Structures are given as C-alpha cells and as structure tokens.
Amino acid sequence: MDGLIRKCLLFATFWLIVLKGQFFLSSVDTSNISKTADKVFEMLDAIVERIGEENVVQVVTNNAANYKAARQLLMGKRK
C-alpha cells in the first residue's frame, strides 16, 4: 500500500418496517464516533423521538454489549 492508510467508513442505518414494506429512514456516519452505550442510546432515542414513541413497536440491533446497555437505557427512559 506504499504508506497509504485506508480508512474504513462505518454507518448506522435506520429503517422503518411497516405493513407496506421496509423503508430507509436515515443513516449516521459513525466512523469517528465512539460506540459507547450512551452514544448508541442517543442515536436510538433520537430516532424514537423523530417517529414518535407511540409508533414504535420494536427496536432491533445487534447483540453487542454496548447495544444491550443502550437498549436498557432506552427502555428505562420509556417506562
């Protein structure tokens, strides 16, 4: 690679799944964002606020520890 550093871009994508199908909502470039539970919670909470809590039935993420912790924070806020 002759000293060239290639940077990997990471994105979080948010989708809506409704009776008529699956729709892209938004994406966030997370390449330079620490993926702490607090930051993941902030991103998920912003999406829930945007769509309206009453319209959210389920939030699906991967099973990493930071996402599990973010899920607990999100459920704690919504109780």
Side-chain angles (χ1 to χ4, degrees):
M1 292 201 334
D2 297 328
L4 177 65
I5 298 173
R6 296 188 185 265
K7 183 177 179 182
C8 179
L9 297 177
L10 300 172
F11 289 89
T13 57
F14 301 94
W15 296 82
L16 295 175
I17 300 173
V18 296
L19 291 175
K20 292 187 178 187
Q22 182 175 353
F23 301 93
F24 174 79
L25 181 62
S26 67
S27 66
V28 176
D29 180 356
T30 61
S31 302
N32 297 314
I33 297 174
S34 176
K35 280 64 162 196
T36 63
D38 288 333
K39 189 59 183 172
V40 173
F41 163 72
E42 288 175 18
M43 288 189 290
L44 293 174
D45 188 50
I47 295 297
V48 171
E49 291 290 330
R50 180 175 170 185
I51 335 180
E53 180 180 350
E54 66 280 1
N55 298 313
V56 176
V57 175
Q58 185 176 22
V59 175
V60 179
T61 69
N62 70 31
N63 208 25
N66 55 337
Y67 284 90
K68 287 180 181 179
R71 181 179 62 218
Q72 292 302 317
L73 291 169
L74 191 64
M75 290 190 314
K77 178 179 178 181
R78 306 290 172 182
K79 287 187 177 187

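Just so you know, these numbers use all the heavy atoms, side chains as well, and skip hydrogens, waters and symmetry mates. Bear in mind that the values here come from a model prediction, so they are computed numbers and not experimental data.
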Side-chain donor/acceptor of Thr30 to backbone N/O of Ile33, under 3.5 Å: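 Answer holds: no.
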
One should read off an interatomic distance between Leu16 CG and Ile51 CD1, to the nearest 0.5 angstrom, of 5.0 Å

Output for pair (Glu53 CD, Leu74 CG), nearest 0.5 Å, gives 8.5 Å

Next on the checklist: Taking Val28 as the starting point, is it possible to reach Val40 by hopping between hydrophobic residues whose side chains are less than 4.5 Å apart?
Outcome noted: yes

A side-chain contact here means heavy atoms from C-beta on lying under 4.5 Å apart; do [X] and [Y] qualify?
| X | Y | result |
| --- | --- | --- |
| Ile47 | Ser26 | yes |
| Trp15 | Leu25 | no |
| Thr61 | Leu44 | yes |
| Arg50 | Phe14 | no |
| Asn63 | Lys68 | yes |
| Thr36 | Phe41 | no |

Sorted by chain and residue number, the side-chain hydrogen bond (donor to acceptor under 3.5 Å, both in side chains) partners of Asp29 (sequence neighbours excluded) come out as Ser31

Check this for me: does any side-chain nitrogen of one of Lys77 and Glu49 sit under 4.0 Å from a carboxylate oxygen of the other?
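Salt bridge present between Lys77 and Glu49.
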
Original post:
Do the charged groups of Arg78 and Asp45 touch, with an N to O distance under 4.0 Å?
Top reply: yes

Nearest heavy-atom approach of Ala69 to Ala37 is CB-CB, 3.5 Å

* **Contacts of Lys35 that satisfy salt bridge (charged side-chain N to carboxylate O under 4.0 Å, His left out) - sequence neighbours left out** =>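 In terms of salt bridge (charged side-chain N to carboxylate O under 4.0 Å, His left out), with neighbours along the sequence ignored, Lys35 is linked to no residue.
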
